[in-house]
Amino acid sequence: MKKKTGKFNLILGCILLGGIGLFALSGLLFMPYDPEGMDIANKLAAPSLAHPFGCDNFGRDIFSRVQSGLLTTLGIGISSVALGTVLGTLLGALMGYYAGLIDEGLMRIMDVLFAIPSILLALIFLSVFDSSMGNVILALGFSIVPSFAKMMRQEFRKQREMEYVKVAKLFGASDARILFVHILPNVMPTFINCILISFNNAVLAEAGMSYLGIGVQPPKASLGRMLSEAQGYLTSAPFYTIFPGIIMILMLFGFCLLSEKGSEKNA
Amino acid sequence: MEQSNVCEVRNLSFSYAKSGFGRKKAGQGSSISDISFSIKEGEILGLVGESGSGKSTLAKCIAGLLEPSQGTIEKQKVQMVFQDSYSALNPAKTVGWLLEESLRLSGVKDKEIRREKIRQMLDEVELEEEHLDRKPSALSGGQRQRVMIAMALLANPGLLIADEPVSALDVTVQKQILGLLKKLRKERKLAILFISHDLRTVYGLCDSCMVMKEGKIVEAGSKDELYCNPKTEYTRLLLQSAGIEWE
Amino acid sequence: MLDVRNLTIEFHDHSLPEVAVDNISFSVNDGDILGIVGESGSGKSMTALAIAGLLNRGDITKSGEILLDGKELLHMKRKELRELQGKDIGIVFQEPMTSLNPVRKIDWQVEEALRTHGEKDKDKMKQLALEIMEEVGLPDVEILYNAYPHELSGGMRQRVMIAAAMISGPGLLIADEPTTALDVTVQAQIIALLKKINAEKKTTILFISHDLSLVRMLCKHVLVMKDGNIVEEGPVEEIFRNPKESYTRELIDAIPVVERRRNDNGAK
């Protein structure tokens, strides 16, 4: 019974993300209009055959903007998560495996970072530096590191006590090899879960930042940016909010389903 | 022919230090003090003691997993077989990968040579080729212990330390593994340090035997000496507890 | 006293039902010690759990009868079963580390059987607990009474388990590999303790082990189980002298040889 729901979640999650992925890909290959091209005549035009998702307050085609916004959001999400994953895993592995002073020192730093909400951290970072796309990625990536490192640290600490690690040591395996060839496959369920959850958080954080006006700068589209721009027209042009919103919700939901599956496997 | 020592331990001591920030780590072993002995080529030396006697600490010192605080160890290459084959075999890897890893880390670069060596080793430890594709969790306890032994032997050690290798196994499987160790000693002239808490397990296997208590060796001698004419009260107690009596 | 008839236990957690115990029957007389010997997967522990009434799971089907003093246990309702558990049946498990609740003090654990059967008088419980703890050979009972399980050695924990199982004076004590996780010297002490309990309290003991030599120290009668079946049964010495089944012979042969040397010497 339990197994079946798990499988259902996995399949549904894959379908959702597959659909979103295809939609994003379609944006690379074909975009009906220039996402940044204004057309005042079509200002806040309702969805029609020519503009399936309608047009925004500058008459830009929402369908094209959703396509390009999704690409931006995915791009920011993937690169920031990649950055956070690499750093977080590295730190977590070092802290968990070596313990002692390295662990104590790094852990206190992580605790401090952990105490500040990651979005606040990103906010500070972006107000000090300018909010170019690269900086947004850096800010989000670093904000992922503490929680990622903490989770991985725990897993590595658990695995460190396993005797197979001693066996590998006896065979003369280097520490790096023990960490990433011997131990890492054993923490895969948590690892993948961490990535999925971080990705969700990154997408949400990006939306939040764009909403606050830092993050992706206009006229560039991102899903979060579009939602913040649409808030003034919630009643007059609900489609402006609905389409980017739906895409974002479906994507987050898809990741949730997958990570749920991962944690079940873990348990 | 004079047989050379594969391992010589002199005045070895080790004590667990308290870790940084004054915390004592959980699961620390017992300390050992002033231990000296040697193992010859092709010899099986039994090491018997109860939990907390420091026998595993001694094993880890010899294997190089712990740095002794005093004393010297002169040794050839040492490999170890652990009691808990479940945690000692990486659960994420297949048996084939584990065996290959042992060779890779011993510097055997050629894939074909590795394959060939593994095939021979499977024969030697009485495993089948079909086991190579399985994960350790799909094997029985006895099979996992054989994989452990194969991994250790592929690294070509002069001394094999077997830390309670049969304690977790069923009695009939215990007998098979002990038989395998005996065969390996005979065919490879392998020296084995066999650790157990039970004098009975050691009896059929070893040539000589040491009894440890509270970090010290309380009695050592040839098998017949120790079993038929124990000198210390403690050895006598161990023998009695194991149901071995003598008139 | 204990009469097991046609007991069959099947697992249903995989697609194919798995027979853990296959139609076995045996009985134990009042005050006897019966040994059940078998390797992992032989169904010996399942049999013990069934007798103790601990096999009420949805994915297991059981059939047959287990009669304890004429009462049928196997299909008894959980409520009635609870009346018996801890009072008429005591059980000791292999792992003294996990079978004691790590966050409760020893006093609570030893007195639990009394408490679940309606005892409220704290002083009386304490007195009984201290008495039984002394009886099972625990030192400094007044101090231990307020200790936590992790402060005790494995052997002491196992004695606490036995004290907890024996406090309400059950007629049947089931000991499921109680010595396997212990050092040999402690094993011998626990065996001696079980012998003493049997002699002094006339408690019937079901001793489950994979080690025939331990069974030989403690029991007069033994069942040898393999793959859910009883392959041989009879007096222990008889089975050692003249095993009828090849499997029993295999088990005896697997006992390290020092044991047998004693016999050789004895015969000479």
Side-chain angles (χ1 to χ4, degrees), chain A residues 89 92-111 151-195 262 265-267, chain B residues 17 19-23 25-28 56 59-60 62-66 77-94 97-108 135-137 144 147-157 159-161 163-165 168:
Chain A
T89 309
L94 290 178
M95 292 195 295
Y97 186 71
Y98 290 107
L101 273 177
I102 299 183
D103 181 36
E104 294 281 349
L106 284 173
M107 206 50 201
R108 292 297 82 81
I109 298 173
M110 292 297 151
D111 281 342
M151 300 255 266
M152 294 318 283
R153 168 182 178 265
Q154 233 167 22
E155 286 294 310
F156 272 85
R157 162 139 312 177
K158 230 190 282 164
Q159 296 294 329
R160 186 183 68 148
E161 304 301 330
M162 300 283 284
E163 261 158 3
Y164 73 83
V165 174
K166 281 185 214 149
V167 174
K169 256 191 217 165
L170 270 179
F171 284 119
S174 65
D175 282 0
R177 191 172 174 86
I178 290 177
L179 281 175
F180 299 110
V181 179
H182 289 256
I183 298 184
L184 194 60
N186 284 292
V187 302
M188 260 316 162
T190 317
F191 183 71
I192 290 171
N193 226 356
C194 271
I195 291 181
K265 221 176 184 177
N266 211 4
Chain B
S19 72
F21 295 88
R23 278 188 239 139
K25 276 189 245 161
Q28 270 189 352
S56 291
K60 282 180 198 157
I62 298 172
L65 289 172
L66 293 173
K77 199 167 174 187
V78 176
Q79 278 300 332
M80 233 173 132
V81 174
F82 293 85
Q83 170 180 4
D84 183 3
S85 58
Y86 209 86
S87 107
L89 294 175
N90 193 332
K93 305 287 186 182
T94 62
W97 189 92
L98 288 168
L99 294 179
E100 271 206 82
E101 176 76 355
S102 173
L103 287 170
R104 263 194 299 265
L105 293 170
S106 312
V108 182
K135 295 262 173 79
S137 55
R144 279 201 297 270
V147 173
M148 282 282 299
I149 293 172
M151 276 173 73
L153 291 183
L154 282 172
N156 232 338
L159 171 66
L160 183 71
I161 301 177
D163 190 356
E164 305 245 12

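As a basis for the values below, the full set of heavy atoms in this structure was taken, side chains included, without hydrogen atoms, waters or symmetry mates. To find a chain, count down the sequence lines: A is the first, B the second, and so on, and within it residues start at 1.
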Please give me the minimum heavy-atom distance between A:Tyr164 and B:Leu89, naming the atom from each residue. CB-C, 3.8 Å
What heavy-atom pair brings B:Pro91 and A:Asn186 nearest, and what distance separates the two atoms? CG-OD1, 3.1 Å
Please walk me through it: do B:Met80 and A:Lys169 pass side-chain contact (heavy atoms from CB on, under 4.5 Å)? CA-CA 11 Å; B:Met80 233 173 132; A:Lys169 256 191 217 165; over 6 Å; no
Do the non-hydrogen side-chain atoms of A:His182 and B:Glu101 ever get within less than 4.5 Å of each other? yes
Applying salt bridge (charged side-chain N to carboxylate O under 4.0 Å, His left out), name anything that partners A:Asp175, two or more places apart in sequence or on another chain. none
Report which part of A:Val181 has an atom under 4.5 Å of a heavy atom belonging to chain B: side chain, backbone, both, or neither. both
Any chance you could lay out the side-chain contact (heavy atoms from CB on, under 4.5 Å) test for A:Lys166 and B:Lys60, step after step, and finish with the verdict? CA-CA 10 Å; A:Lys166 281 185 214 149; B:Lys60 282 180 198 157; 3.9 Å; yes
Proximal component of B:Lys77, with respect to chain A [non-hydrogen, under 4.5 Å]: neither
Under a 4.5 Å cutoff for heavy-atom pairs, which residue among B:Gly64, B:Ser102, B:Ala63 has the most contacts with chain A? B:Ser102
Considering non-hydrogen atoms only, spot the tightest contact between B:Val78 and A:Leu170 and give its length. O-CD2, 4.3 Å
Provide the closest heavy-atom pair for A:Val167 versus B:Met148 in the form atom of the first, atom of the second, distance. CG2-CE, 4.5 Å
Residues, nucleotides or ligands: over 12 heavy atoms within 6.0 Å of B:Tyr86 OH: no
Which pair of non-hydrogen atoms, one from B:Ala155 and one from A:Phe171, has the smallest distance, and what is that distance? CB-CE2, 3.5 Å
Go through B:Asp163 and A:Glu163 one step at a time and tell me if the side-chain contact (heavy atoms from CB on, under 4.5 Å) criterion holds. CA-CA 12 Å; B:Asp163 190 356; A:Glu163 261 158 3; over 6 Å; no
